[in-house]
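Comments concern the structure below.
Order of the sequence lines fixes the chain letters, A, B, ..., with proteins taken first and strands second; residue numbering starts at 1 for each chain.
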Amino acid sequence: MSRYNARTAEPKWQQAWDEARAFAAEADPEKPKYYVLEMFPYPSGKLHMGHVRNYTMGDVVARYKRATGHAVLHPMGWDAFGLPAENAAMERGVHPGDWTYDNIDAMRSQFSKLGFSLDWSREFATCDPDYYGQQQALFLDMLDAGLITRKKSVVNWDPVDMTVLANEQVEDGKGWRSGAPVERKELTQWFFKISDMADELLEALDGLDDWPEKVRLMQANWIGRSRGLQFAFDFASGLDGFETLEVYTTRPDTLMGASFAAISPDHPLAKALEAQREDIREFNEECRRTGTSEEEIETAEKRGIDTGLTVTHPLDPDWELPVWIANFILMDYGTGAIFGCPAHDQRDLDFARKYDLPVKDVFLPAEGGEPVANEAFVPPKTEPVRYVNGLGQVETMTGEDAVAKAISQCEAQGVGQGVTKYRLRDWGLSRQRYWGCPIPVVHCDACGVVPEKKENLPVELPKDVTFDRPGNALDWHPTWRDVACPNCGGAAKRETDTMDTFVDSSWYFARFTAPRAETPTDMDAAQYWMNVDQYIGGVEHAILHLLYSRFFARAMVKTGHLPESASEPFDALFTQGMVTHETYATTGPDGRARWHEPGEVIREGDTARLEDGTPVEVGPVIKMSKSKRNTVDPLEIIDQYGADTARWFVMSDSPPERDVEWTAAGADAAWKHLQRVWRMVAELEDTPPAVDVADGADAIALRRVLHRTIADVTASIEGFAFNKGVAKLYELTNAIGKAKGGADVSRARRDALTMLARLMQPMTPHLAEEMWAALGGEGLVLDQPWPVADETYLVDDTVLMPIQINGKKRSEITVAKDADKATVEAAALADPAVVKALDGGSPRKLIVVPGRIVNVVV
RNA sequence: GCCCGCGUGGCGGAAUUGGUAGACGCAGCGGAUUCAAAAUCCGCCGCCGCGAGGCUUGCCGGUUCGAGUCCGGCCGCGGGUACCA
């Protein structure tokens, strides 16, 4: 008996597809177009299970859409700039470019083994000068259009390595390489003015009907529109040069509960005070000795220092409030200064208790409220609360109304004005690193900051750089910076900052529509292929990448690089769960954690060790990542069982949106199943049975299962429920295996297997081709149209209805599908279990849901 | 800290979206085949109980004829937190 040999079959069919140029996207006016895109990978050099899962999903959709008659665009490229290449350069002395392109080659060959229906003719890497040159052109156009600005912001500074650190490179407030405590340092940097579009980006979320609700929510919260009051405190005891203290609050209704004002350690006033008071200078410096990440700042212990200055309460000139500096006030949000109302804000309350500041109630819960003790009372927005200590009145209203009323009252009294603010900050794009897209500007002593001329693009990265010291290799290059000023022609210096890699990934989807165009995009191609009909990627990109891409599409519309209709570039979004795995760590001689790959670790019960016996600490199950090294190489499965097994395996069991913990068991089961399917085909008689007998009951039963499966698998693919589709295909296979009988049944079996090949094609394309060929199909199964279920096999004339007594299932009855309520009731009341329960009486209530359930309440 | 998810047998999960909880698969158990094994095929398989029956969707409470599904409150885990991508 022949076995299915994936090792020979898979390359054979891949070659056949190649020769047919089956996956080259071609605009076709006869067909609807479909653009399916998976978030492109960072070329780490190693394919991992997350990739296989992500790209298999996209491939199933692409192949399915191809079968349903669409002109499909399914491209692939590489998100190729980024930190790991520079780390490799420092650790191993390889050039980041060489390292990256080697990785791309390695990953491309790994990808090709999986048989994805990708249009490789459109491939590019973001580190190709052709791509980043076009990106520089976009930058210049956006600069020209006023979408980019230059301002100061803070970075993590490693004072020993004299370099800027990414948040990921800060561990417990220390530089990961030097171990030195990091400091916040202010630099002048380039920014996309995304906050100017905050409102637009927020409002447009409502139109994204085919995006997950959770992603829209996260983005809305991230943009964080709020309506509040901005007002100025007058100083009762101030500092020269500071007339007033500008404050923004979303809770002006609690103004009468104010007990202090607080400013950020980065606030100009806080800095000015450093010259006068040594303790304030020390406090501020201490605060600056933490990283710049919000998480770090917000979870740090709340600390403050009294400046000795005071301000007067805006509604009561005789009321003075102390001004504190507090480490939890962010300079980036609002005005960098707040007033504290301990009674109605937990953080303010903790602060007040710690430093012995007064707590004054404004609100109490609607009935019988107690004054605040150690838990702040935050009034609900939409439910009424008792407003006990407001502007003179005692009344009941909702928190929302109280805010609105407070704003209008304050405005009427000339205290500040109602303003709308956003949490969203401008997108800082400058990076002090070599391996990124150079920012195409020149610094000239005479002319200032001058944009490079477009004809001089791309501004290419120099190849001859060294990585023997930390920091930006462009800064150490002997000549690269020297350039003639595009404006005056005099000697000038290039900007050495490069762009955030999020810029690279914010428009690649547009570039795929015309990857070799001489301009960033080709309007005709963009017009035809945009938008992305289905975008697929990890949830971890729910905010940043997707928000930046939305901004970029709008910016490209404004600069004439995309049609208006592409303002929202992704029509439908699917966020897949992550592939997770335990983490393994040992402690290095320097006392810091060393991460180990699962392959290096021997697991024994609850403990683990390395091959040499070193005990390993087993960490939490988290997303597979390069930095934690908890990745699993899928190549073993592919080499052992073939691509179809790997593809079938990742589509089975786990719902695509959910995280899945990788375990080795199970791949074997997938392989066995595919072999079983193949065996059924191989064991069929060589020639189709020539029968003219009508289908008997068994054949009809099999056809019912078949058509039910067609309908279910179609719905599963459309609904991104591949695991359910796989389960249905198992059921069909079981039914084919069990079907026994005469010529009619064997004819039905052959039909079912032929259909099975077409249904499995998106998931296991190589096996499907092999089955199709063995069953005598013409051409490629790839080119077969998607099967359509025959409705006549989908309807049943009877239905099995459960009978509940007091909500618990006690029996079942079979009734005609179109039985009316009275018939069902009669049948239910005649059921022995019901008769027994009623014991001669009549039911208190009888609920019949037609076709569903009967509930007898006794 | 804040924002967003998730939690169902030994395991991955299903449940027509408020209507039979546990489809399908893995593991396990029993049998057939085999000199034996692999492979394959057939059957059993939530928990407690000999049984009748009872219990069961992280925990506590609520709404409902009926709750895995809706509401309120907890607990645990994960993602994001603006320089990882």
Exercise for review: Return the minimal non-hydrogen interatomic distance between Trp211(A) and Arg550(A), and the atom names on each side.
Suggested key: CH2-CD, 3.8 Å
Would you indicate what [X] reaches in the nucleic acid, counting non-hydrogen atoms under 4.0 angstrom: base, sugar-phosphate, or nothing?
X: Glu296(A); value: nothing
X: Ser430(A); value: base
X: Val155(A); value: base
X: Glu301(A); value: nothing
X: Lys808(A); value: sugar-phosphate
X: Arg216(A); value: nothing
X: Ile297(A); value: nothing
X: Ala542(A); value: nothing
X: His541(A); value: base
X: Phe328(A); value: nothing

Using only side-chain N and O atoms of [X], determine if any of them is under 4.0 Å from OP1 or OP2 of [N].
X: Thr501(A); N: rA85(B); answer: yes
X: Lys672(A); N: rC41(B); answer: no
X: Lys809(A); N: rU20(B); answer: no
X: Asn734(A); N: rG25(B); answer: yes

Practice item. Ignoring the backbone of Arg679(A), work out which of rC83(B), rC41(B), rA82(B) is nearest its side chain. Key: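 Minimum distance to the Arg679(A) side chain belongs to rC41(B).
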Check your understanding: Which of the following nucleotides, rC83(B), rA23(B), rG43(B), is nearest to the side chain of Ala727(A)?
Key ->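 Per side-chain heavy atoms of Ala727(A), the pick is rA23(B).
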Exercise for review: Determine, step by step, whether Tyr131(A) and Trp507(A) satisfy the side chain to side chain donor-acceptor pair (under 3.5 Å) criterion, reporting the C-alpha distance in whole Å, the side-chain angles of both residues, the deciding distance to 0.1 Å, and the verdict.
Suggested key: CA-CA 10 Å; Tyr131(A) 181 80; Trp507(A) 72 286; 3.0 Å; yes
Around atom [atom1] of [X], are there more than 12 heavy atoms of other residues, nucleotides or ligands at under 6.0 Å?
X: Lys46(A); atom1: NZ; result: no
X: Lys836(A); atom1: NZ; result: no
X: Asn734(A); atom1: CG; result: yes
X: Lys152(A); atom1: NZ; result: no

Inter-nucleotide [atom1] distance ([N], [M]), Å rounded:
N: rG79(B); M: rC74(B); atom1: P; result: 23 Å
N: rG51(B); M: rG46(B); atom1: P; result: 14 Å
N: rC11(B); M: rU16(B); atom1: C1'; result: 26 Å
N: rG49(B); M: rG43(B); atom1: C1'; result: 24 Å
N: rG18(B); M: rG13(B); atom1: P; result: 23 Å
N: rC42(B); M: rC35(B); atom1: C1'; result: 23 Å
N: rU81(B); M: rG12(B); atom1: P; result: 28 Å
N: rU17(B); M: rC83(B); atom1: P; result: 44 Å

Point to revise | Base orientation of rG72(B), syn vs anti, 90° cut from 0 | key: anti
Check your understanding: Mind telling me whether rU17(B) is syn or anti, cutoff 90° either side of 0?
Key -> syn
Check your understanding: Any donor-acceptor pair under 3.5 Å between the side chain of Gln432(A) and the base of rC83(B)?
Key ->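 Checked by distance alone, the answer is yes.
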Practice item. Answer with yes or no whether Glu294(A) presents, from its side chain, a donor or acceptor under 3.5 Å of a partner atom in the base of rG1(B). Key: yes
Tell me the interatomic distance from [X], atom [atom1], to [N], atom [atom2], rounded to whole angstroms.
X: Leu759(A); N: rC24(B); atom1: CG; atom2: C1'; result: 16 Å
X: Glu540(A); N: rC84(B); atom1: CD; atom2: P; result: 14 Å
X: Arg676(A); N: rC24(B); atom1: CZ; atom2: C1'; result: 12 Å
X: Lys821(A); N: rC65(B); atom1: NZ; atom2: P; result: 15 Å
X: Glu168(A); N: rC84(B); atom1: CD; atom2: P; result: 6 Å
X: Asp668(A); N: rG25(B); atom1: CG; atom2: C1'; result: 13 Å
X: Glu171(A); N: rC84(B); atom1: CD; atom2: P; result: 13 Å
X: Asp79(A); N: rA85(B); atom1: CG; atom2: P; result: 8 Å

Could you identify the nucleotide paired to [N], looking across every strand shown and requiring Watson-Crick or G-U wobble geometry with both distances under 3.5 Å?
N: rA67(B); value: none
N: rG1(B); value: rU81(B)
N: rA36(B); value: none
N: rC59(B); value: rG73(B)

Check your understanding: Please walk me through it: do Met801(A) and Val815(A) pass side chain to side chain contact (heavy atoms under 4.5 Å, CB included)?
Key -> CA-CA 7 Å; Met801(A) 287 180 77; Val815(A) 294; 3.7 Å; yes
**Study point:** Derivation and outcome, ring-ring contact (aromatic ring centres under 6.0 Å, His included), residues Phe649(A) and Tyr641(A)
**Key:** CA-CA 11 Å; Phe649(A) 174 62; Tyr641(A) 300 111; 9.3 Å; no
Exercise for review: Show the numbers, then the answer: is there a side chain to side chain contact (heavy atoms under 4.5 Å, CB included) between Met331(A) and Val154(A)?
Suggested key: CA-CA 10 Å; Met331(A) 196 55 220; Val154(A) 285; over 6 Å; no
Check your understanding: Using a cut-off of 4.0 Å between protein heavy atoms and nucleotide atoms, how would you tag nucleotides 13-19 of chain B 5' to 3' with B, S and -?
Key -> SSSB--B
Review point. Where does the angle between the aromatic ring planes of Tyr548(A) and Trp427(A) fall among parallel (under 30°), tilted (30 to 60°) and perpendicular (over 60°)?
Key: parallel
Point to revise | Given RNA chain B, 5'-ward residue of the pair Gly428(A) and Leu800(A), judged by closest heavy atom | key: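 Upstream on the strand: Leu800(A).
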Are any protein N/O atoms closer than 3.5 Å to N/O atoms in nucleotides 3-5 of chain B? If there are, list each pair with its distance.
unit_1 : atom_1 : unit_2    : atom_2 : d
rC3(B) : O3'    : Asn221(A) : ND2    : 2.7
rC3(B) : O2'    : Asn221(A) : ND2    : 2.9

**Study point:** Lys302(A) side-chain N/O to Glu298(A) backbone N/O, donor-acceptor pair under 3.5 Å
**Key:** yes
Point to revise | Expected output: side-chain Asn855(A) to main-chain Ile847(A) donor-acceptor under 3.5 Å | key: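 Between the backbone of Ile847(A) and the side chain of Asn855(A) there is no qualifying donor-acceptor contact (under 3.5 Å).
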Check your understanding: Under 4.0 Å between a Lys/Arg side-chain N and an Asp/Glu carboxylate O for Lys174(A) and Glu171(A)?
Key ->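 No, no charged N to carboxylate O under 4.0 Å.
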Point to revise | Centroid-centroid distance, Phe192(A) to Phe552(A), less than 6.0 Å | key: yes
